[in-house]
Amino acid sequence: MNYELIISLPKNKIMLQVSYIRENREQVLERLAVKNFKQPELVDEVIGLDESRRKTQNNLDGVSAESNAAAKKIGELMRTGNKEEAESIKAKTGAWKEEIKQLGDKLAAIEAELQQKLVLLPNLPHSSVPKGLTPEDNEVVLENGEKPNLPANALPHWELAAKYNLIDFELGVKITGAGFPVYKNKGAKLQRALINYFIDEAEKAGYSEVSVPLMVNEASAFGTGQLPDKEGQMYFVGLDNFYLIPTAEVPVTNIYRDVILKVDELPVKHCGHTPCFRREAGSYGAHVRGLNRLHQFDKVEIVQVAHPDKSYEVLEQMSQHVQGLLQKLGLPYRVLRLCGGDMGFASALTYDMETWSAAQQRWLEVSSVSNFETFQSNRLKLRFRNAEGKTQLAHTLNGSALALPRIVATLLENNQTEDGIKIPEVLVPYTKFDLIS
RNA sequence: GGUGAGGUGCCUGAGAGGCCGAAAGGAUCAGUUUGCUAAACUGACGUACGGGAAACUGUACCGAGGGUUCGAAUCCCUCCCUCACCGCCA
């Protein structure tokens, strides 16, 4: 990613909330420390640049005002035939012109630099976010459900997938490469059933379904914060400058880019199913075996645009929705509150939901629910008109409900019996079979 | 891929160098009238960045960037996008 592209994004952008940083410098630094942010010096650089930005703009505005007034005067004089006086004013405009040009260039340079630095600042974590560096520092909020006791000869899901002819990993390697499996027979049907089930559940919870593009332009990728932070993690279609979406969050949230909502339109709730594409550069090895980590996978996403006063309520509600799905599927799970070091660039608070994979004897992340507060809406210019009639940035949230492959993995492993793999009751109307044998 | 037409406010749409941040209509909001609905009338009604305690005020923005000019929505150049028709095609 080169930043020229970013700063060439729509002008007349909102100045990524510098005023907040300016007025809460200490707090910002404190919060960034929780996220283990490596370049705290950026904060003061930003404040300094903002200072000179405002000063420069003030100067420029003053000169422009004079120049505008003169131009107007000339117009009047010309109309009334007072050519001489008009000419004498004209003579003075050269200096203004020069100054306007200089100040304008200076301002543009300052703004560009400011943008470049602002764009590197991650979102500030919520006060409840624990300090910490690694996944081990995440806080376990709750654990739910019974871990099944599998017999000693229980198989991991990739062996079950082979045994029952559900997923062909090698075939995917031939067609595309590692991480692009081919689902077959009841494996394919199980996937489709889960997708439909998740969508139906989301609709019951008030999320209206959207079906969105799987490739997005740069402005969209920037809007939800994938750029510049996750540049290398997205597949890029260079011929047309499109990115393959790493999550439906990107196209769905971008529906509301450059939108000013009415306050009574909040909260906006959408769900959607899409494949997701992730390069996952740098992660190989035993832990990525089978369905554990893929380059392409299916996911049902829920997205909300919420009033800032309500967004943490909404976050809990979304977390409950996800937990409800896991309960109905009969999967043991736990909820984590991510520590500063493990959470994403754009998030203020993230809950991860993990299911217990009984054959692998480990937790697998199947959902991530986040409140981005104004981080995305600031970039998206997603606002609403508040009670005073002023525009205000809305809060955006999203969560997986749910990501398919690890759910499939856990279902296969946890529900294996000597007779075959039992399908959870809630899914049977969708699969039309209750056993994989 | 070829050809043509366009990009103006929430929408439709005028504007063709100064009186244009932008007519008019619609939508929306507030008020008046009305037994209710409808209608009519009156008023309000873009965004951002500055300054100011505030009333208010300065600047910028008519797809984006550059240029001409004392002055650009309007003229010139470059780019992007959209639409229509043809070709190809799920």
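Proteins come first, then strands; the chains are lettered A, B, ... in the order of their sequence lines, and each starts at number 1.
Spacing between atom CG of A:Asp105 and atom P of B:G65 amounts to 14 Å, rounded to whole angstrom units. For the pair A:Phe242 CZ and B:C80 C1', the interatomic distance rounds to 12 Å; values are reported in whole Å. Distance A:Ile100 CD1 to B:G58 P: 16 Å, rounded to the nearest Å. In this structure, NZ of A:Lys72 is placed 13 Å from C1' of B:U59, rounded to the nearest angstrom. Atoms CG (A:Asp50) and C1' (B:G50) sit 11 Å apart, rounded to a whole Å. We find that CG of A:Asn241 is positioned 16 Å from P of B:C79, with the value rounded to whole Å. Rounded to an integer number of Å, the gap from A:Lys101 NZ to B:U69 P is 14 Å. What separates NZ of A:Lys97 from C1' of B:C70 is a distance of 8 Å, to the nearest Å.
Nucleotide B:C45 has no partner under the Watson-Crick or G-U criteria, as no pair reaches both atom distances under 3.5 Å. Judged by Watson-Crick or G-U wobble contacts below 3.5 Å, the nucleotide B:C20 has no partner. Using N1 to N3 plus N6-O4 or O6-N4 for Watson-Crick, or N1-O2 and O6-N3 for G-U wobble, each under 3.5 Å, B:A54 pairs with nothing. Nucleotide B:G87 is matched to nothing when pairs are restricted to Watson-Crick or G-U wobble geometry with both distances under 3.5 angstrom. B:C75 and B:G67 make up a base pair, with Watson-Crick or G-U wobble contacts both under 3.5 Å. Across every strand in view, B:C81 sits in a pair with B:G6 that passes the Watson-Crick or G-U test at under 3.5 angstrom. B:U34 is unpaired under the criterion used here, namely a Watson-Crick or G-U wobble arrangement in which both key atom distances are under 3.5 Å. With a cut-off of 3.5 Å on both Watson-Crick or G-U wobble distances, the partner of B:A14 is given as none.
Ring geometry, A:Tyr197 versus A:Tyr430: the interplanar angle exceeds 60°, so the pair is classed perpendicular (tilted spans 30 to 60°). Ring pair A:Tyr256/A:His270 is parallel by interplanar angle, where below 30° counts as parallel and above 60° as perpendicular.
Nucleotides B:C62 and B:G7 have their C1' atoms positioned 10 Å apart, rounded to a whole Å. With both ends at atom C1', the span from B:G21 to B:C45 equals 13 Å, rounded to whole Å. Comparing the same atom, P, in B:C11 and in B:U59 gives a spacing of 27 Å after rounding to whole Å. Atom name P, nucleotides B:A54 and B:U42: the rounded distance is 35 Å, in whole Å. For the P atom pair drawn from B:A64 and B:A72, the interatomic distance equals 16 Å after rounding to whole Å. Atom P of B:C75 sits at a distance of 24 Å from the matching atom of B:U3, rounded to the whole Å. Only the P atoms considered, B:G25 is 13 Å distant from B:A44, to the nearest whole Å. For the P atom pair drawn from B:U33 and B:A27, the interatomic distance equals 22 Å after rounding to whole Å.
Using a 4.0 Å heavy-atom criterion, one finds that A:Ala65 contacts the sugar-phosphate atoms exclusively.
Between A:Arg54 and B:G51 there is a side-chain polar atom (N or O) within less than 4.0 angstrom of OP1 or OP2. For the OP1/OP2 pair of B:U47 and a distance below 4.0 Å, the side-chain nitrogens and oxygens of A:Thr391 include no atom meeting the criterion. A sub-4.0 Å separation between OP1 or OP2 of B:C29 and a side-chain N or O of A:Arg385 is absent. Between A:Asn68 and B:A60, a side-chain N or O to OP1/OP2 separation shorter than 4.0 Å is present.
Considering A:His395, A:His307, A:His126 in turn, A:His126 is the only one that fulfils the ring-ring contact (aromatic ring centres under 6.0 Å, His included) rule with A:Tyr312. The only member of A:Glu301, A:Gln304, A:Lys269 that meets side chain to side chain donor-acceptor pair (under 3.5 Å) when paired with A:Tyr207 is A:Gln304.
Ion pairing of A:Glu265 with A:Lys262 is absent here, as no side-chain N (NZ or NE/NH1/NH2) approaches a carboxylate O to less than 4.0 Å. Salt-bridge check for A:Arg22 with A:Asp50: passed, with a basic side-chain N closer than 4.0 Å to an acidic carboxylate O. The pair A:Lys204-A:Glu201 counts as a salt bridge, with a side-chain nitrogen and a carboxylate oxygen less than 4.0 angstrom apart. Electrostatic pairing of A:Asp44 and A:Arg25 counts as a salt bridge here, judged by a charged N lying under 4.0 Å from a carboxylate O.
Relative to the side chain of A:Gln57, the nucleotides B:G58, B:C70, B:U47 differ in distance, and B:G58 lies closest. Taking every side-chain heavy atom of A:Ile74 into account, B:G18 is the closest of B:U47, B:G18, B:C49. Listed candidates were B:G51, B:U47, B:U59. Nearest to the side chain of A:Ile260 is B:U47.
A residue-by-residue look at A:Gly75 and A:Asp61 shows that A:Gly75 has its nearest nucleotide of RNA chain B further toward the 5' end. Nearer the 5' end of RNA chain B, as judged by each residue's closest nucleotide, is the contact made by A:Lys262, out of A:Ser67 and A:Lys262.
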